[in-house]
Structure formats: C-alpha cells, structure tokens
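Below is one structure; the comments refer to it alone.
Note on naming: letters A, B, ... go to the chains in the order of the sequence lines (proteins, then strands), and numbering restarts at 1 for each one. Nothing here was measured: the structure is a model prediction, and the numbers come from that model.
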Amino acid sequence: MKATDPNIKWVAEPKLGMAGKMYLPLFVQGLTTTAKHLLGPKLTVSFPEQRPVIGNPLIYRGVHRLNRDEKGRVKCVACFLCATVCPAHCIDIVGVESPWPDREKYPESFTIDELRCIFCGMCEEACPVDAIELTSLFDLTGRSREEMIFDKEKLLSVYDQTQDAEPMKSKELGGTL
Amino acid sequence: MPEPASVLPVILVSLAKIAAVCFLLLTAAAYLVLLERWIAAWVQDRLGPNRVGIPLTKIHLFGLGQPLADGLKMIFKEQYTPAHVDKFLFVLAPIIILTAALAIFAVIPFGSLLACLSLAGAPGSSALIVAPRFDVGMVYVFALSSIAVYGVILGGWASNNKYSFLGGLRSSAQLIAYEIPMGLGILGVVLVSGSLRLDDIISRQVGGAWNFFTQPLGFIVFVIAAFAEAARLPFDLPEAEQELIGGYHTEYAAMKLLLFLIAEFLHMVTAAFLIVILFFGGWDFWGMQTSSFVDWPDGVLHVVVLMAKVFLVILFFMLVRWSWPRFRFDQLMSLAWKVMLPLGLVNLVAVAIIAEYGDRLAIPLGASRFGDYLVTHLHVSAKTMVAALIGWAALLLSWVAVAFAAPLHDDNRPRLEMHAFDEEKELRDNT
C-alpha cells in the first residue's frame, strides 16, 4: 500500500495552545493526579488478617464440595459426567451398585486432584443432580501432593463447612434439591 | 588558624563529625529507599512494604524493619562478577561513585552551631559542618558531583555490556549538558551572596528574603538541572528500566549494586540540601532567632528546620517520579541547551542588574506610596522588593518567550511528506 493511498487516513497531532506550550496544565495535572492517588483509598487487602470480599460466593470457582441430600447421604449418582467433561482429568470415581432404592449407583470412592484441577467449573455444569459444586474457598494449601488429593470424606466435609454460607441451589433456581 | 596545641582536638572533632555524617547518611539512604517504596505504593493505590518489624515477633512497626532486611539481603548475596568484565574497573566504579557522593557532604551544613558540642577542649561551639571555613564549598560540590559521573561511565564501560554502556554514555552526555544550567543557577545565588561557602549563603538569606523570592527563574533552572544531575525521573535516562534493563548497573549484584543504589539516593539528598540551602534559606524560618550567637535549643531547632525542609524537597522528588513520563533523549538535550541555558543566562543578567543598579532603582520604589506600603507591612527592604519584582518579571517574560519559541514540541509521528518515496515511480524511471 502506498503512502498516498486514499484509504489511509493521516492524523496530525493537535496544535498546542498557549497554556500547553508553557507546560502548566501538564505540571498541574501530573501533580494533582499523583496527590489524589497518594491520599486516596488503597486497594490492597492485607490477606491473612483481612479477607477479600467475594462478590457472589455462589458463582465463585474455588475448592470443590460434594453435596449431601436431605438424608445426609452423598448426592452423587456416579454417572461419570463430571469425570468425562473434566479437561484436566482430575476426577476419579469408582461407582458401585447403590444400597439405596432411589438410585442405581453411588460412588464408592470419589477423588479430585486439586493440584491438577484448573477450576473451570465444567464438572459443576455437567452434574445432572447438582452433587458437585465449587465453593468460594480459595486459600487451598497443603504440605504434600497426597494431601491435595481430596477423597469423598474430605469433599463431603467441605460441604459441611460451607453449607450455611453457600446453600445448595433450590428448585426455584433450577436446582434438583 | 588554631594554635598548635589545639590541633589534635580539632582533628578528633572532625573525625567524630565524619563518622556521624557517614552513619547518618547511610541510614538515611536506607530509610529513603523505604520511603520511596511507600510513596510508589501509595501513588499506585497499594499499601507498600508494611510487614517487616521486629524479627520473631508479630510486631510489624509499619515495615520500619524493611531497610535492615534489604541491607542484610544485599550483603549476604553472592558477590557475582561476570566473566566478561574488566575486573579492576568493575570493582572501582561503585567505590568511586559512593566516595564522591559521600564526600560532597563535607561542606554541607546540617544546621548552624551547636554550643554543647565542645569535645576534648575544642572551641566552645561547634559548627554542624564537617569542613567549616572551607572557602570554595560550592566549587567543591560541583567538582565532586562531576566525579560521580566517572563511576557511572566506568561501571558502564567495565561491564562490557551494550545496555550498561548505553546507560553510561547517556549519563555522561546528560550530566555534561545539565552541569551548565546548574552552574548558571548557582552563579546567581553566589553573585548576591558574595561567597562560595554554603553557610555564608545561608546567613545571607537569614532574616531577609530567601533567594527563591528574588530569583525564581534561577530556582527553576537549578531544580530542573538538579533532577537531571540526580538522574531522577523524568530525567532517569541513564538507567531507564524499560529501555536499558538497569542501565549502567545492569551487570552489578549484591554489595556493589548496593553501593550504586546508595550513591543514587545520596545524589538526591545532595540535590535536596542544595535546593534548600541555596534557595530556601537553609535553617532560616519566619520568626526564628537570627543573631549569630545561638544557644543549644536554637541550634537544635535550626537542625530540625533544615531537615524538615530537605525532607519536603525529597518528598517532592519522589512525587515527581510518579507524575510525569520520561523525556526522550533529544527532548532532554534540547531542554538543556535550548531552554535551560538561555533561561539561566537571563537569570544571571537579571541578578547582575539588581546587584549593579538595585540601590538606585530602590529609591523611587521606596519613595512611592506602594513601595512604602510594602516596606512597612512586609518588613522587607526596598532593594529586596526591586529584586523580587525584576526576578519574577524575568521569570514570566522568559517563560512566555520559551513557550513561543517552543523547541521541544516535535510531532515525530510518520507524516505523508516523510513518505514521499514512491516505489512504483522509481521502478518506472529506472527501467
């Protein structure tokens, strides 16, 4: 393309006025902006003492939990949809025949490798019975890799820990409860 | 001249002063790094370093332990020297720059006199200056601040690294360019003070008008040149991180890097001291006792006032860093040669006019009702009034003149006429 092409629009720098040539607006603008931020509110959250405010905990994608039904049993029906959809292959389920009459299968073991998980939330979307959910717990720590592989009991205990703050979706909201 | 018998105590007092100044300056530099980081954080809406307090406890002390931790980290780091450097000069550079930066403070007064400082039978009161009665103080400051650039150039050269070398070259060009306006700014002050001694320059301003009020143009020229000499933003081209990695100290690590960083902060402290001493009356303040004899509460008060002023100037240095972007190198050079140099000369001429004709010009002003009003209500002499009027008029006129001449605004974006080369036409003509 040539420089004289009519499709090229040439933009010239606007002419400076008297004040601009004297650097005064620039000087005042620079210092006022700096002073405003110097004295203004700070955005840093002093983490361990001060917890960050999570806008909507119900849609936050933190540590997983396995929900319990109203009888306190694990809600999961071992359909393997979450394990199939998981892009990181971090969910491992062993499904066996259910001892309860209301479903055919239940998970004998349900483990999530939290270190492999990319917290995309697709397991939560895939689950037909809303058994697996992501909570708003974000400060996930452990001393070993083994400790970071969460088994069924651990995931159910996360539910026990968070059920008050983050209730399961009710039927009105499209949940299966 | 002191008596031969009293030479030893004088030497002892001098050594004590040198030790105190070195200790205070290095501590101050460490804490200024903390202040710089705080200001940087606050301006960016962060909290800044506020965790390091007393070790092994949960007492944070607003992060006041941070400089100690930083210093320890720097000291215990590996003394890494790259294989491709000129070893001797590589080690020499930080030593030169820090020595020069510290030695400047020999002639800088930290206050007036302290009566209580009579060590080992030395004279009753002691001047708060390492080298009192040093008649060429200003020249000495100038000479040593020029030596500092040797450290930068040597560091850049010895590193054998193109980024370091570019930083060193930039620094040398910048310091040579800005030494001239800086000298012109100082010259006006020296002309009215009639002395090169910094304590004399202060005592000339005590009780009268500070040089800022009579020489605003000289003040502006000096401040801008001081920013450039201290290589602070917006003139930090020698170490522009975005372009040159670290500039002349790219290859340095651990203790040697620490020496460079301390020297940089000391340059800023020197610049702040000079601004306060030359233009803001040093330890002078309104309503302060102005006689030459001071008892020790007054002496301490002088130190506090001087330090407070220096602190405010340093704060200004740090705020400026976050207020304006860096100059391009051609803009830097045209600012020095096309703007600062003429402005400095105008200031010098204005000051010379006042020095020569000030008394004669003061007579009609003092006689007029306006002048009479000013003299009786503001308690300044008619000559000072004339000086201030001429000074501010010179500032306004020359500032407007520079704005119209405007050598700094170049639109360097591509323009149509810059692309006049027509490829197809060239091809046609050549075949």
Side-chain angles (χ1 to χ4, degrees), chain A residues 1-57 59-62 119 136-143, chain B residues 38-51 58 60 63 220 223-224 233-234 315-325 327 331 335 339 395-427:
Chain A
M1 192 183 264
K2 278 160 60 178
T4 49
D5 195 290
N7 291 323
I8 295 179
K9 191 184 172 199
W10 288 87
V11 184
E13 200 162 279
K15 281 258 176 285
L16 276 180
M18 179 69 189
K21 279 182 180 172
M22 291 178 75
Y23 288 100
L24 291 178
L26 185 71
F27 183 81
V28 174
Q29 270 173 20
L31 269 188
T32 44
T33 309
T34 316
K36 218 158 48 189
H37 283 275
L38 183 76
L39 305 171
K42 304 289 171 261
L43 301 178
T44 312
V45 177
S46 301
F47 169 58
E49 299 98 40
Q50 202 186 340
R51 306 289 297 187
V53 179
I54 290 172
N56 184 354
I59 59 171
Y60 193 88
R61 300 206 297 259
F119 299 96
S136 67
L137 300 179
F138 58 88
D139 47 343
L140 178 62
T141 56
R143 289 170 192 274
Chain B
W38 271 345
I39 300 259
W42 294 340
V43 168
Q44 295 166 12
D45 294 343
R46 297 183 285 116
L47 288 178
N50 62 354
R51 290 299 161 124
K58 297 217 164 173
H60 291 327
I220 288 172
V223 166
I224 292 177
L233 268 164
L315 215 57
F316 178 67
F317 265 88
M318 290 178 176
L319 284 184
V320 162
R321 175 172 182 175
W322 301 104
S323 299
W324 297 291
F327 278 87
Q331 292 171 334
L335 182 68
V339 178
L395 169 68
L396 271 180
L397 290 178
S398 52
W399 198 266
V400 172
V402 162
F404 273 107
L408 290 187
H409 318 289
D410 288 329
D411 183 359
N412 67 333
R413 290 185 297 185
R415 288 188 300 274
L416 187 54
E417 56 265 35
M418 284 166 72
H419 289 267
F421 181 75
D422 189 340
E423 226 172 74
E424 290 172 17
K425 185 169 172 296
E426 291 289 314
L427 262 173

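Side-chain atoms of B:S323 do not come within 3.5 Å of backbone N or O of A:T34 as any donor-acceptor pair.
If you measure heavy-atom distances from B:W324 to chain A, the contacts under 4.5 Å come from the side chain alone. Contacts of A:T32 with chain B are absent, with no heavy-atom separation under 4.5 Å from either backbone or side chain. Contact of A:I8 with chain B is not made at all, since no heavy-atom distance falls under 4.5 Å.
For the set A:G40, A:S46, A:G30, the entry with the most heavy-atom pairs within less than 4.5 Å of chain B is A:G30.
When all heavy atoms of A:T33 and A:Q29 are compared, the closest pair comes out as OG1-O, 2.7 Å.
Within the 4.5 Å cutoff, no side-chain heavy atoms of B:W322 are placed close to those of A:H37. Proximity of A:Y60 to A:L137: side-chain heavy atoms (C-beta onward) are nowhere separated by under 4.5 Å.
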